[in-house]
Novice: 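Right, I'll just put the structure down here and ask away after.
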Amino acid sequence: MTQDFLGSVLRFFDAAAGHLDLRPGLAERIAQCNSTYSVRFGVKLRGRIFSFEGWRSVHSEHVEPVKGGIRFDPAAHAEEVDALATLMSLKCALVNVPFGGSKGALRINPAEWSEDELERITRRFTQELARRDLIHPGRNVPAPDMGTGEREMAWMADEYRRLGNSDAINQSACVTGKPLARGGIEGRVEATGRGVQYALNAYLRHPDTPPLAGRKAIAGSSVVVQGFGNVGYHAAKFIAEEGGRICGIVEHDVAIFDPAGLDVEAVRAVRDASGSIGAMPGVEVVPSAEGLTHVAADILIPAARENAITAENADRVNYGLIVEAANGPVSADAEAILHRRGIAILPDLYVNAGGVVVSYFEWVKNITHLPFGLMDRRDNIRAGTAVVSALEEIAGRRLDDDRRRRITRETREIDLVRSGLEEIMFQSFEDIMARKRMLGDVDLRTAAYAEAISRIAEYYRAIGL
């Protein structure tokens, strides 16, 4: 499946590049992963030595540092990491975040290890990455991903500090997604899910997109969410707060449905207490494998992992719009089938960019040493001005005066983060639609890829390639 994932990403890339006037060989150069490092190390645990394997892929260093999460997953594989790194380069280019693309993984099931054991494993992995400059505030900046979170990022940052580095003053910028007490930023945990909400709003409110079941708003829409981890939970929470009806949640073990709408917080509480959403009372429970095809709904939000929808089930899913919160949830073969059936797809390249956007804010905060929201109003205004400058650099234009005043006057860090993320997500969708108009009859994924590829191509043209 991982090879299929990489193959789908490259097929999407080639389809978009074919619409652009690029120099011979440039598309191939942009598509290629620069390097993938494989590391193997041992850790003495439980009276014996356990061996672990991990990867860190650097897709493109056209701009540094490179950026991308590290996942802890027993099914992790080198080709999967390559595909994810490729998506990171394109994603950063699409939303105008000045990072190249990278991604990492450790083949491990975190549930099989105690917290102390997992900390020792994570620190050893950090040592292997640091030896190769694959964790560095100015070269390669990891972040959380599947199976990792603030805790793992705190361990990695602390281990990087212990190893010693000439760039000591900026050490906290070696990773993002850290706890607030260790230099993190408010809103990072919710960022990808919040970005899904903003992406969906940008799509629905745009004058050139069709209504969804007669609506141009989230309120009243029926929604199925696949995956109830950090991204899926927050996406469901925020969409429900806007009046969307979460009628189904599909997890790895079971799927639950209620046509009247599920209480997202209640489902989370049951899952946390029992270990499964299947323990939720008063709902219909079906096998996980039937979850995506069990009901028809306005919107599907796949927020789990790649290849959730393939040629095998694409004929049986019934949604008006698929919003890709996960990376690569729809295979290239499945996408062709879905388009024939008139199902629109809002692509992962755009939808789940909220995480890297807020990671950029955290990195800027660490590099500039600005304590957003922790000092008096004057310092908050200064911090807000720094955020405005970062936003304008990303957008390539000056923000309107009303938005500039609103951002610089905000006194809470979370308000700065949400306002900045919303601005970037809406502007990026405008850019996708502008590219779509330029290219003619292409889908949203092709337009998003083409926009990202064209921006990376500009970097290469600037150095004569």
Side-chain angles (χ1 to χ4, degrees), residues 1-14 17 25-42 51-93 99-108 121-122 124-148 152-153 156 160 174-176 305-307 326-328 332 348-349 352 355-356 359 449 452-453 456 459-460 465:
M1 293 291 279
T2 53
Q3 182 61 49
D4 292 343
F5 177 29
L6 179 59
S8 286
V9 170
L10 294 178
R11 283 173 62 182
F12 293 143
F13 183 98
D14 291 342
L26 183 55
E28 182 181 4
R29 173 77 288 275
I30 295 173
Q32 290 173 338
C33 229
N34 286 4
S35 56
T36 299
Y37 297 87
S38 175
V39 298
R40 296 175 181 85
F41 57 89
S51 294
F52 299 92
E53 184 174 17
W55 301 268
R56 186 70 175 167
S57 180
V58 177
H59 173 261
S60 179
E61 296 156 306
H62 63 281
V63 61
E64 286 187 311
V66 295
K67 191 81 182 72
I70 289 182
R71 60 177 51 183
F72 286 4
D73 181 9
H77 196 272
E79 285 79 9
E80 175 190 52
V81 178
D82 283 354
L84 292 167
T86 303
L87 285 174
M88 279 302 302
S89 283
L90 297 170
K91 188 181 306 180
C92 290
F99 291 136
S102 185
K103 205 75 176 187
L106 184 66
R107 185 181 290 161
I108 185 176
I121 296 165
T122 302
R124 276 290 291 115
F125 188 34
T126 303
Q127 293 169 16
E128 296 296 324
L129 296 177
R131 287 172 183 168
R132 297 160 179 83
D133 271 345
L134 296 174
I135 174 171
H136 187 286
R139 295 176 185 168
N140 195 311
V141 183
D145 199 88
M146 184 186 301
T148 60
E152 288 75 17
M153 294 305 105
M156 295 185 77
Y160 182 78
C174 69
V175 299
T176 59
R305 61 183 309 143
E306 63 268 12
N307 291 325
N327 288 304
D348 53 356
L349 196 65
N352 63 36
V356 74
S359 283
Y449 267 71
I453 293 167
I456 296 174
Y459 284 98
Y460 284 104
L465 287 182

Novice: Roughly how far, to the nearest 0.5 Å, is OG1 of Thr148 from CG of Leu106?
Specialist: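 Here the rounded value is 10.0 Å.
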Novice: Please name the pair of heavy atoms, one in Arg305 and one in Ala75, separated by the smallest distance, quoted to 0.1 Å.
Specialist: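 Of all heavy-atom pairs spanning Arg305 and Ala75, the closest is NH2-CB, 4.2 Å.
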Novice: For the pair Lys103 (side chain) and Ser57 (backbone), establish whether a donor and an acceptor sit closer than 3.5 Å, ignoring hydrogens and angles.
Specialist: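 A pair under 3.5 Å: no.
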Novice: Do Thr126 and Val175 have side chains that get closer than 4.5 Å, going by heavy atoms?
Specialist: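 SC-SC contact between Thr126 and Val175 ruled out.
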Novice: Drop me the distance from Phe5's CZ to Leu84's CG, to the nearest 0.5 angstrom.
Specialist: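 Nearest 0.5 Å value for the CZ-CG distance: 4.5 Å.
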Novice: How long is the span from the CZ atom in Arg139 to the CG atom in Asp133, to the nearest 0.5 Å?
Specialist: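 One finds 4.5 Å between CZ of Arg139 and CG of Asp133.
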Novice: Taking the side chain as every heavy atom from C-beta outward, state whether Tyr37 and Val81 have any atom pair closer than 4.5 Å.
Specialist: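 Side chain of Tyr37 against side chain of Val81, heavy atoms only: no contact under 4.5 Å found.
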Novice: What are the two closest heavy atoms between Glu128 and Arg131, and how far apart are they?
Specialist: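 Taking Glu128 first and Arg131 second, the nearest heavy atoms are OE2-NH1, 3.0 Å.
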Novice: Side chains of Ser60 and Ser89: is there a donor and an acceptor less than 3.5 Å apart?
Specialist: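 The criterion, which ignores hydrogens and geometry beyond distance, is not satisfied for Ser89 and Ser60.
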Novice: Count the heavy atoms of every other residue, nucleotide or ligand shown that sit under 6.0 Å from CZ of Phe41, and state whether that count exceeds 12.
Specialist: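 It does: Phe41 CZ has more than 12 such atoms within range.
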Novice: Between Ala452 and Leu349, which heavy-atom pair has the shortest distance, and what is it?
Specialist: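 The answer is CB-CD2, 4.4 Å.
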Novice: For Thr122 and Glu152, indicate whether the former's side chain and the latter's backbone hold a donor-acceptor pair under 3.5 Å.
Specialist: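 Here the side-chain-to-backbone pair does not exist.
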Novice: Provide the closest heavy-atom pair for Gly328 versus Asp348 in the form atom of the first, atom of the second, distance.
Specialist: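 Looking at all heavy atoms of both residues, the closest pair is N-OD2, 2.7 Å.
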Novice: Minimum heavy-atom separation for Cys33 and Asp82, please, with both atom names.
Specialist: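 Looking at all heavy atoms of both residues, the closest pair is SG-OD1, 3.9 Å.
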Novice: Apply side-chain contact (heavy atoms from CB on, under 4.5 Å) to the pair Ile70 and Asp145, showing each step before the final yes or no.
Specialist: CA-CA 5 Å; Ile70 289 182; Asp145 199 88; 5.7 Å; no
Novice: Under a 3.5 Å distance rule, please check whether His59 uses its side chain to pair with a backbone N or O of Ala31 as donor and acceptor.
Specialist: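 Judged by distance alone, yes, a pair lies under 3.5 Å.
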Novice: How about Ser102 and Arg56: does a side-chain donor come under 3.5 Å of a side-chain acceptor?
Specialist: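 Result is yes, a qualifying pair exists.
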Novice: Quick one: CD on Glu53 to CZ on Phe125, what's the gap to the nearest 0.5 Å?
Specialist: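 Rounded to the nearest 0.5 Å, the CD-CZ separation comes out at 10.0 Å.
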Novice: Less than 4.5 Å apart, any side-chain heavy atom of Ile121 and any of Phe72?
Specialist: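 Ile121 vs Phe72: side chains apart.
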Novice: Just wondering, do Leu129 and Met156 contact through their side chains at under 4.5 Å, heavy atoms?
Specialist: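 Side-chain contact under 4.5 Å: yes.
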Novice: Looking at side-chain heavy atoms only, is the closest gap between Leu90 and Phe13 below 4.5 Å?
Specialist: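 Side chain of Leu90 against side chain of Phe13, heavy atoms only: contact under 4.5 Å found.
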Novice: Do Leu134 and Val58 touch side chain to side chain, with heavy atoms closer than 4.5 Å?
Specialist: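 Leu134 vs Val58: side chains touch.
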Novice: Starting from the C-alpha separation in whole Å, work towards a yes-or-no answer on side-chain contact (heavy atoms from CB on, under 4.5 Å) for Phe99 and Asn140.
Specialist: CA-CA 9 Å; Phe99 291 136; Asn140 195 311; over 6 Å; no
Novice: Search all heavy atoms of Ile135 against all heavy atoms of Cys174 and return the closest pair with its distance.
Specialist: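 Smallest heavy-atom distance, with atoms named: CG1-O, 3.7 Å.
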Novice: Between CD1 of Ile30 and OG1 of Thr86, what distance do you get to the nearest 0.5 Å?
Specialist: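 If I round to the nearest 0.5 Å, the distance is 12.0 Å.
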Novice: Indicate yes or no for a side-chain donor-acceptor contact from His77 to the backbone of Arg107 under 3.5 Å, with no hydrogens or angles considered.
Specialist: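 Judged by distance alone, no pair lies under 3.5 Å.
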Novice: Measuring from atom NZ of Lys67 to atom SG of Cys92, what distance do you get when rounded to the nearest 0.5 angstrom?
Specialist: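 Interatomic distance, Lys67 NZ to Cys92 SG, rounded to 0.5 Å: 8.0 Å.
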Novice: Report yes if some heavy atom in the side chain of Lys91 is under 4.5 Å from a heavy atom in the side chain of Asn327; otherwise report no.
Specialist: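 Yes, their side chains come closer than 4.5 Å.
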